[in-house]
Amino acid sequence: MTTADPAAAMALPVFTYRKLTLLVTGSVNAALVPYWLHWLNQMYPDLTVSVGVSQMAQRFVQLDALRALTSGAVWADSWESADLPERAHIGIESQAECFGVFPATINTTMRLAAGFTDTPTLMALQLTQKPIAIASTFPGTNEIVKRRCAELELRPNLRFTGTLPAFSVSAGDWSGTTGFFMPLLLTVLEELRERSDDVPSPAEAK
């Protein structure tokens, strides 16, 4: 993970996808996802955003709030969920052009690095060749976490966003950093699309 340029991060990124799927995981930052969905609606009105929400994230954000703010599907990320897209992980993967884990906790990131498939959206992320951007919200790190993140980026279709200075809720000061900033996520996904010979642009896919 690298440090992003704050000035560059404030610019509205070019984003040519039309279908984005987000996995919202159990950071307190999940409470801010409705703000970013509203922002996407305003900045990219032709974009359809679908959202899977982990069990832990549902402590911080309600599914009904997300449904009110996006034109895509919204589901609890559980194999038992009645709201899953048809064919579960296959439907999740097929309805997306790209993916973002937003916010991404250490727990979810380490499970993804370890190959876990215990939820439908994790299964889709493990098997897809489509671009994936990870917006980390780690309260800290260590050598094992760093190694696992580096292993994840061995996947040619996956990258972490850069990080920006952030207020640390646990420390109560500005000592934190975060990748939870939607323009960073969109920039990484667009860069992955441009690098990939396997993922067609929306115009080519029609």
Side-chain angles (χ1 to χ4, degrees), residues 1-4 6 9-10 13 15 20-41 43-44 47 49-63 65-67 69-70 72 74-78 92 96 98-114 116 118-122 124-126 128 131-142 145-146 148-149 152-153 158-189 192:
M1 287 176 279
T2 59
T3 301
M10 295 304 294
F15 193 65
L20 166 65
T21 293
L22 299 176
L23 172 60
V24 178
T25 73
S27 162
V28 69
N29 291 277
L32 301 176
V33 170
Y35 165 82
W36 285 115
L37 290 179
H38 177 70
W39 181 86
L40 287 170
N41 287 337
M43 298 297 105
Y44 304 92
L47 178 66
V49 183
S50 298
V51 187
V53 186
S54 75
Q55 180 178 358
M56 296 300 288
Q58 291 173 59
R59 297 180 301 163
F60 304 115
V61 65
Q62 294 292 319
L63 300 183
L66 302 179
R67 291 188 181 105
L69 291 166
T70 185
V74 176
W75 61 90
D77 192 31
S78 165
I92 293 170
C98 58
F99 293 89
V101 186
F102 186 84
T105 61
I106 289 181
N107 182 58
T108 296
T109 304
M110 295 302 98
R111 288 166 62 220
L112 187 59
F116 279 38
D118 54 345
T119 74
T121 310
L122 269 184
L125 291 174
Q126 296 290 11
T128 191
I132 303 168
I134 309 292
S136 65
T137 56
F138 299 175
T141 190
N142 60 40
V145 171
K146 291 176 183 177
R148 288 293 194 180
C149 289
L152 266 178
E153 287 196 310
L158 185 150
R159 271 183 54 195
F160 285 82
T161 69
T163 58
L164 295 168
F167 185 83
S168 170
V169 174
S170 55
D173 58 30
W174 284 89
S175 62
T177 61
T178 187
F180 183 74
F181 191 67
M182 186 61 74
L184 292 177
L185 187 95
L186 302 185
T187 297
V188 166
L189 289 171
L192 285 169

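When reading the values below, keep in mind they use all heavy atoms of this one structure, side chains included, and skip hydrogens, waters and symmetry mates.
Two residues are said to be in side-chain contact when any heavy atoms from C-beta on lie closer than 4.5 Å; L158 and E153 meet this criterion. Considering only heavy atoms from C-beta on, P183 stays 4.5 Å or farther from F15 through its side chain.
Heavy atoms only, all atoms of each residue included: V51 and L66 are closest at CG1-CD1, 4.0 Å. I92 and P120 get closest at one heavy-atom pair: CD1-CB, 3.8 Å. Here the closest heavy-atom approach between residue G72 and residue S50 is recorded as CA-OG, 3.7 Å. Across L69 and N41, no two heavy atoms sit closer than the pair O-ND2, 2.7 Å. Closest heavy-atom contact between G100 and L20: N-CD1, 4.1 Å. Across all their heavy atoms, Q58 and V53 have their closest contact at NE2-O, 3.4 Å.
Not counting sequence neighbours, the partners of R148 by the salt bridge (Lys or Arg N to Asp or Glu O under 4.0 Å) test are E151.
Rounding to the nearest 0.5 Å gives a distance of 8.0 Å between CG of L185 and SG of C98. Rounded to the nearest 0.5 angstrom, M56 CE and T105 OG1 are separated by 9.0 Å. Rounded to the nearest 0.5 angstrom, I132 CD1 and L152 CG are separated by 8.5 Å. Between atom CZ of residue F99 and atom OG1 of residue T128 there is a gap of 4.5 Å, rounded to the nearest 0.5 Å. With rounding to the nearest 0.5 Å, the separation of CD1 in I106 from CG in N142 is 7.5 Å. Taking OG1 of T25 as the reference point, atom CG of D77 lies at 10.0 Å (rounded to 0.5 Å).
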Could you check L40 against L186 for side-chain contact (heavy atoms from CB on, under 4.5 Å), going step by step and ending with a plain yes or no? CA-CA 10 Å; L40 287 170; L186 302 185; 4.0 Å; yes
Derivation and outcome, side-chain contact (heavy atoms from CB on, under 4.5 Å), residues F60 and V24: CA-CA 10 Å; F60 304 115; V24 178; over 6 Å; no
side-chain contact (heavy atoms from CB on, under 4.5 Å) assessment of L23 paired with T119: CA-CA 11 Å; L23 172 60; T119 74; 5.8 Å; no
CA sep, side-chain torsions, deciding dist, call: T121, W75, side-chain contact (heavy atoms from CB on, under 4.5 Å): CA-CA 10 Å; T121 310; W75 61 90; 3.1 Å; yes
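The closest donor-acceptor contact from the side chain of Q126 to the backbone of F116 lies under 3.5 Å. Distance alone, capped at 3.5 Å, places no donor-acceptor pair between the T163 side chain and the G179 backbone.
Heavy atoms from other residues, nucleotides or ligands lying under 6.0 Å from CE of M110 number more than 12.
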For residues 27-38, which side-chain N or O atoms pair as donor and acceptor with protein atoms under 3.5 Å away, sequence neighbours left out?
{"unit_1": "S27", "atom_1": "OG", "unit_2": "N29", "atom_2": "N", "d": "3.0"}
{"unit_1": "S27", "atom_1": "OG", "unit_2": "N29", "atom_2": "ND2", "d": "2.8"}

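None of F181, F180, F160 except one satisfies the ring pair (Phe, Tyr, Trp, His ring centres under 6.0 Å) rule with F102; the exception is F180.
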